[in-house]
Amino acid sequence: MLRADEYSRYSRHLLLENMDEEGQLALKQATVALFGVGGLGHQVGATLISAGLGKLMLIDDDIVELSNLPRQWLFDEGSLGLAKVEAAKQRLQSLRRECHIDTFKTYIIDSNLSEHLLTADIIVDCTDNLDGRLAINQFCYQHNVPLITAAASGMISTIMPIKPGEPHGCYACISGSVSPQTHCVDKGIYSPIVAMAGQFQAMLALNYLTGIAPVNWGQLHRFDAEKLTLRTFNVGRDPACNVCRDTHES
Ligand SMILES: [Zn+2]
C-alpha cells in the first residue's frame with residue numbers, strides 16, 4: 001500500500017484513468033538502468049525519479065564539460081570537471097531522497113556491471129555514440145532485457161522501444177539507415193529535441209513499468225524539429241542481423 005504522503009505526492013498521476021495504486025507501487029519496486037547521463041539521460045532520470053521510481057543505476061564515464069551545460073541542466077558551472085554520474089546523482093537524489101541511486105563510472109559492460117544490469121527491469125539507452133548503442137542492444141538480446149534506445153543529432157531525434165523475443169527488428173537491424181549516427185560534436189545538436197527525445201524515453205519506460213499505456217515494441221519514432229513532424233515506422237528484422245536472429249530462433 002502507498003503511504004499517505006505518497007498518495008498526496010503522486011495524486012496527479014493517480015487521478016489518471018489508467019493509473020492506479022498498483023501501477024504506482026510497481027514503479028516504486030522497479031529498477032531502471034540508465035546508460036548515459038547527458039541531455040537524454042537528464043530527462044529520463046529526473047522524470048522517473050520524480051514519478052516514483054524505486055531504484056536507478058547511472059552509467060557514464062564522462063566528466064562534465066562546458067559544452068554540456070546548454071542541454072544538461074542538472075549540471076551547473078560548479079559541476080565542471082566532476083564525473084557526470086556523481087554530479088547527476090547529487091541533483092537527482094535531491095528530487096526524491098527515497099530513490100536508491102547507484103553510479104558506475106564506465107561504459108564497459110564487464111562482469112561487475114553486467115551483474116547489476118541483470119537486476120534491471122528495463123535498460124534506457126541515452127548514450128551518444130553508435131558503438132555504445134550497439135553494445136547495449138546486444139547485451140539486452142543476450143539477457144532478454146527490454147530496452148528503450150534513442151539518438152539525437154542536428155535537428156532529428158529517433159526513439160525506439162525494443163523487446164527481445166518479439167518478432168520486430170533490433171537496433172542493429174536499423175543502425176545503418178534511419179537512426180542518426182553522427183556524434184553531436186560532428187553535426188551539432190538542437191537542445192529542445194534532446195529534451196523531447198528524453199521525455200519520450202521516460203514516457204515509454206513509465207508506460208511499461210506502470211502499465212498506464214501499452215508499449216508498441218519495435219516501432220521507431222522519428223521527430224524532425226525543422227519540419228515539426230513525428231513519424232512512426234515499424235521496424236522489421238533484417239534477416240542478416242545476427243543479434244536478434246539468434247534470440248528469435250532460439
Ligand atoms: Zn536485429
Let me check something: any side-chain donor-acceptor pairs from residues 30-41 under 3.5 Å, sequence neighbours excluded? List them with distances.
none

Please assess Y7 against E21 for the test side chain to side chain donor-acceptor pair (under 3.5 Å), listing each intermediate value before the final yes or no.
-> CA-CA 9 Å; Y7 277 113; E21 182 170 354; 2.5 Å; yes
D102 and K55 ion-paired at < 4.0 Å | yes
Ignoring hydrogens and geometry, is there a side-chain-to-backbone donor-acceptor pair from Q201 to C126 under 3.5 Å?
-> no
Keeping the roles fixed (side chain from K105, backbone from D61), state whether a donor-acceptor pair exists under 3.5 Å.
-> yes
Should L16 and V215 be counted in the same cluster of Ile, Leu, Val, Met, Phe, Trp and Tyr side chains packed under 4.5 Å apart?
-> no
Enumerate, atom names and distances included, each donor-acceptor pair closer than 3.5 Å involving a side-chain atom of residues 72-80, sequence neighbours excluded.
unit_1 : atom_1 : unit_2 : atom_2 : d
Q72    : OE1    : K84    : NZ     : 3.2
D76    : OD1    : G78    : N      : 2.9
D76    : OD1    : S79    : N      : 3.3
D76    : OD1    : S79    : OG     : 3.3
S79    : OG     : D76    : N      : 3.0
S79    : OG     : D76    : O      : 3.3

When you check the gap from the basic side-chain N to the acidic O, do E6 and R3 get nearer than 4.0 Å?
-> yes
I'd like a table of donor-acceptor pairs (distance under 3.5 Å, sequence neighbours excluded) in which one partner is a side-chain atom from residues 113-120, with atom names and distances.
unit_1 : atom_1 : unit_2 : atom_2 : d
H116   : ND1    : N112   : O      : 3.0
T119   : OG1    : H116   : O      : 2.6

Are E86 and T103 linked by a side-chain donor-acceptor pair shorter than 3.5 Å?
-> yes
Does a donor on one side chain sit under 3.5 Å from an acceptor on the other, for T127 and D125?
-> yes
Hey, does the side chain of H168 reach the backbone of K163 with a donor-acceptor pair shorter than 3.5 angstrom?
-> yes
With distance as the sole test, does Q93 use its side chain to make a donor-acceptor pair with the main-chain N or O of R96 at under 3.5 Å?
-> yes
Does the pair Q199 and T47 meet the rule for a side chain to side chain donor-acceptor pair (under 3.5 Å), with working shown?
-> CA-CA 8 Å; Q199 287 298 332; T47 295; 2.9 Å; yes
